[in-house]
Amino acid sequence: MKEAGIGILGFGTIGQGVARILTQRANVIQLRNGRPFTLEKIYCRNFQDKDLKGLPVEYFTNNPKELLNADNIDTVVELIGGTEIAYSLVQQALQNGKNVVTANKALIATHGEELLVLANEKKVKLLFEASVAGSIPILRILREHFCAGEILKITGILNGTCNYLLSELEKGGSTFEQVLKEAQRLGYAEADSSFDTEGYDAAQKLSILASCAFGIRLPDWKEIPRSGISELLLDDFVFAERIGKRIRLLGKAEMTEHGLFAGVHPRLVGANSEIGKVVGAENMLFIEDEFESPLRLSGSGAGSLPTAMSVLADLGECARGKDSSPFFSFHRRKECVFAPRNQIKKEAYVRIQIQDQVGIVARVADAFAKKNISLLGIFHNQSHTTIAFLLYEAPITDIEEAVEIISHFDFVVGKPLLLSVES
Ligand code: HSE
């Protein structure tokens, strides 16, 4: 029985998890996949200075060519991250006829089309289950389970770090910086944590999801409307609680007759809703299809071993030599067309920081009234430095225009916050 030779590029949080499972669970892996997996080499820059987590030094090399040119390696696992070195090494691995498994959403969301073409030409696999939603096997479910009808909508929590931050901050007593530091210590956050907190990471994942779910070319993730969580104030969490809501960073992708609606934003969700109850680094996804068989999936969205499990699942698929589904036969996918945003109507929450003076509520209410938007509620903090408005459902573009006008009022300090409110 031919062994599946594996090389790992990168020995960070996920690389360590994959190496640990490969070396400690060889028997189970062989039993489940019908072939032994052999970890042959790990590329890690300056490994001499690193904690090798008890692995023999012979596994390690400073030279990626020792993996890319090795005859005994048929699958390369890319866990370096980013779009520079990782891009060139993945290209070379595919060129050399090796399967590639990666957890790198930035790479797939940016260069996926081209890399999939190359993998197809070379008749090898390029699998990236671990790039979206950590341990949740969402891409496998999209291409294997939903093989008979159209998927209409995917909604979910796609970033473990943000969910950890939000659910810790709503408890009170900690600052953003303290909680972020802990998320980094736990191995949830990206090397540049602004990728998490500004929603870029979730936008890249949403682009991959939308492509796989709707059979379209990868949407340009930079064009997906996006906002992050770093501008939230502790007052926002207090106001949310007063109306029975919590703040969660949600990604949404919906295929409509006008094209693709997609967005990544913090939103107010019911505190007792399923999504509102998701805490820590967990991710949750809702998939709606034409046959009304909605699916809800949840699991660890970040962290070493949970993400490594998704890598292992892809390695199993490579080792078993199963054909990949047509979802990944990119050349048959349709172009991605974004739908115009003026179709979207939302209830919304608008919060401003103010220098208190007479007439603030009247002027803000007037700005909303001029756009035909009604107020549902008003809150302010004890020191009257923060005031928030709850709005009836209205076209999101009208709300944005009213907020833009309000942002220029002389009593407004800093940038207003606009969150949509989920029913
Ligand atoms: N930084 C990412 C997150 C890791 O927090 O979700 C998993 O992709």
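We find that Glu422 and Lys252 are joined by a salt bridge, their nearest charged nitrogen and carboxylate oxygen being less than 4.0 Å apart. Using a cutoff of 4.0 Å between basic side-chain nitrogens and carboxylate oxygens, Glu401 and Lys370 are not scored as salt-bridged. A salt bridge does not link Lys153 with Asp289: none of the charged nitrogens is closer than 4.0 Å to a carboxylate oxygen. A salt bridge links Arg351 with Asp236: at least one charged nitrogen is closer than 4.0 Å to a carboxylate oxygen. Salt bridge absent: Glu317 and Arg35 never bring a charged side-chain N and a carboxylate O closer than 4.0 Å.
At a threshold of 4.5 Å between non-hydrogen side-chain atoms, the residues Phe176 and Ile229 count as touching. The side-chain heavy atoms of Thr75 and Val100, taken from C-beta on, include no pair separated by under 4.5 Å. Annotation: side chain of Ile208 is in contact with side chain of Phe128 (closest heavy-atom distance under 4.5 Å). In this structure, the side chains of Leu152 and Met255 stay at 4.5 Å or more apart for every pair of heavy atoms. In this structure, the side chains of Ile29 and Leu22 come closer than 4.5 Å at one or more pairs of heavy atoms. With a 4.5 Å cut-off on side-chain heavy atoms, Thr386 and Phe239 count as touching. Inter-residue side-chain proximity for Pro294 and Ile287 is flagged as unmet; no heavy-atom pair is nearer than 4.5 Å. A heavy-atom distance below 4.5 Å is not found between the side chains of Asn99 and Leu94.
Note that CD1 of Ile8 and CD1 of Ile42 are 5.0 Å apart. Values are rounded to the nearest 0.5 Å. From Glu78, atom CD reaches atom OG1 of Thr102 across 3.5 Å, with rounding to the nearest 0.5 Å. Taking CD of Gln184 as the reference point, atom OG of Ser193 lies at 4.5 Å (rounded to 0.5 Å). With rounding to the nearest 0.5 Å, the separation of OG in Ser135 from CG in Leu305 is 11.0 Å.
Ring centroids of Phe11 and Phe60 are separated by less than 6.0 Å, placing the two rings close together.
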Handout entry: side-chain contact (heavy atoms from CB on, under 4.5 Å) between Val77 and Asp314, worked out
Key = CA-CA 10 Å; Val77 183; Asp314 279 350; over 6 Å; no
Exercise for the section: Could you check Gln178 against Glu168 for side chain to side chain donor-acceptor pair (under 3.5 Å), going step by step and ending with a plain yes or no? Expected result: CA-CA 10 Å; Gln178 285 167 337; Glu168 286 298 307; over 6 Å; no
Practice task
Applying side chain to side chain donor-acceptor pair (under 3.5 Å), run through Thr385 and Asn381 and close with a yes or a no.
Solution key: CA-CA 7 Å; Thr385 51; Asn381 66 355; 2.9 Å; yes
Exercise for the section: Decide side-chain contact (heavy atoms from CB on, under 4.5 Å) for Phe286 and Ile154; before the verdict, give the C-alpha distance in whole Å, the side-chain angles of both, and the deciding distance to 0.1 Å. Expected result: CA-CA 6 Å; Phe286 292 91; Ile154 298 199; over 6 Å; no
Practice task
Take Val278 and Ser298, measure what side-chain contact (heavy atoms from CB on, under 4.5 Å) needs, and give me the verdict at the end.
Solution key: CA-CA 9 Å; Val278 179; Ser298 61; 5.9 Å; no
Problem - Glu170 vs Arg248, salt bridge (Lys or Arg N to Asp or Glu O under 4.0 Å): CA-CA, chis, key distance, verdict - result: CA-CA 11 Å; Glu170 71 200 5; Arg248 293 290 179 266; 3.0 Å; yes
Practice task
In sequence, state the C-alpha distance, the side-chain angles, and the governing distance for Leu391 and Leu375, and then conclude on side-chain contact (heavy atoms from CB on, under 4.5 Å).
Solution key: CA-CA 5 Å; Leu391 311 177; Leu375 296 185; 3.3 Å; yes
Practice task
Determine, step by step, whether Glu288 and Arg296 satisfy the salt bridge (Lys or Arg N to Asp or Glu O under 4.0 Å) criterion, reporting the C-alpha distance in whole Å, the side-chain angles of both residues, the deciding distance to 0.1 Å, and the verdict.
Solution key: CA-CA 9 Å; Glu288 293 171 34; Arg296 184 188 70 231; over 6 Å; no
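Between Leu9 and Pro64, the shortest heavy-atom contact is CD2-CB, 4.3 Å. Closest of all the heavy-atom pairs between Glu198 and Ser230 is OE2-OG, 2.6 Å. Of all heavy-atom pairs between Gly134 and Thr307, the closest is CA-OG1, 4.1 Å. Listed here is the closest heavy atom pair of Phe37 and Ile6: CD2-CD1, 3.6 Å. Summarising the geometry of Leu260 relative to Pro219, their closest heavy-atom pair is CD2-CG, 3.8 Å, with the distance given to 0.1 Å. The minimum heavy-atom distance linking Cys336 with Arg217 is given by the pair CB-O, 3.6 Å.
The aromatic rings of Phe195 and Trp221 lie tilted to each other, with the angle between the two planes from 30° to 60°. In this pair, Tyr188 and Tyr164 present their aromatic rings perpendicular. The plane angle is above 60°, beyond the 30 to 60° band.
With hydrogens and angles ignored, the 3.5 Å screen pairs no side-chain donor or acceptor of Asp196 with any backbone N or O of Thr161. One N or O on the side chain of Thr23 and one on the backbone of Arg20 form a donor-acceptor pair closer than 3.5 Å. A side-chain donor-acceptor contact under 3.5 Å links Asn104 to the backbone of Gly82. Lys50 contributes a side-chain N or O that, together with a main-chain N or O of Arg45, makes up a donor-acceptor pair within less than 3.5 Å. Within the 3.5 Å criterion, the main-chain N or O of Asn163 finds a donor-acceptor partner in the side chain of Ser167.
A search for side chain to side chain donor-acceptor pair (under 3.5 Å) contacts involving Ser194 returns Asp192, not counting sequence neighbours.
In the displayed structure, Asp220 atom CG is contacted under 6.0 Å by more than 12 heavy atoms of other residues, nucleotides or ligands. The environment of Lys181 atom NZ is sparse: at most 12 non-hydrogen atoms of other residues, nucleotides or ligands sit within 6.0 angstrom. For Glu241, the CD atom sits in a loose shell: 12 or fewer heavy atoms of surrounding residues, nucleotides or ligands are nearer than 6.0 Å. Within 6.0 Å of atom CZ in Arg25, 12 or fewer heavy atoms from other residues, nucleotides or ligands are found, so the atom counts as exposed in its surroundings. Counted within 6.0 Å of CE on Met309, heavy atoms from surrounding residues, nucleotides or ligands total 12 or fewer; the atom is thus considered open. Residue-environment remark: OH (Tyr392) stays at or below the threshold of 12 foreign heavy atoms within 6.0 Å. For Gln24, the CD atom is densely surrounded, since the number of other residues' heavy atoms within 6.0 Å is greater than 12. Within 6.0 Å of CD in Gln357 there are more than 12 heavy atoms belonging to other residues, nucleotides or ligands.
A donor-acceptor pair shorter than 3.5 Å cannot be found between the side chains of Gln92 and Tyr87. Checked by atom type, the side-chain pair Glu282/Ser300 shows no donor-acceptor distance below 3.5 Å.
Here the rule is side chain to side chain contact (heavy atoms under 4.5 Å, CB included) with Lys205, and of Val132, Val264, Ile138 only Val132 fits it. Tested against Ser420, the residues Glu347, Lys345, Glu393, Arg267 include a single side chain to side chain contact (heavy atoms under 4.5 Å, CB included) partner, Arg267.
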Under 3.5 Å, which donor-acceptor pairs do the side chains of residues 405-412 form with other protein atoms, sequence neighbours left out?
| unit_1 | atom_1 | unit_2 | atom_2 | d |
| --- | --- | --- | --- | --- |
| Ser407 | OG | Glu404 | O | 2.6 |
| His408 | NE2 | Glu404 | OE2 | 2.9 |
| Asp410 | OD1 | Arg363 | NH1 | 3.4 |

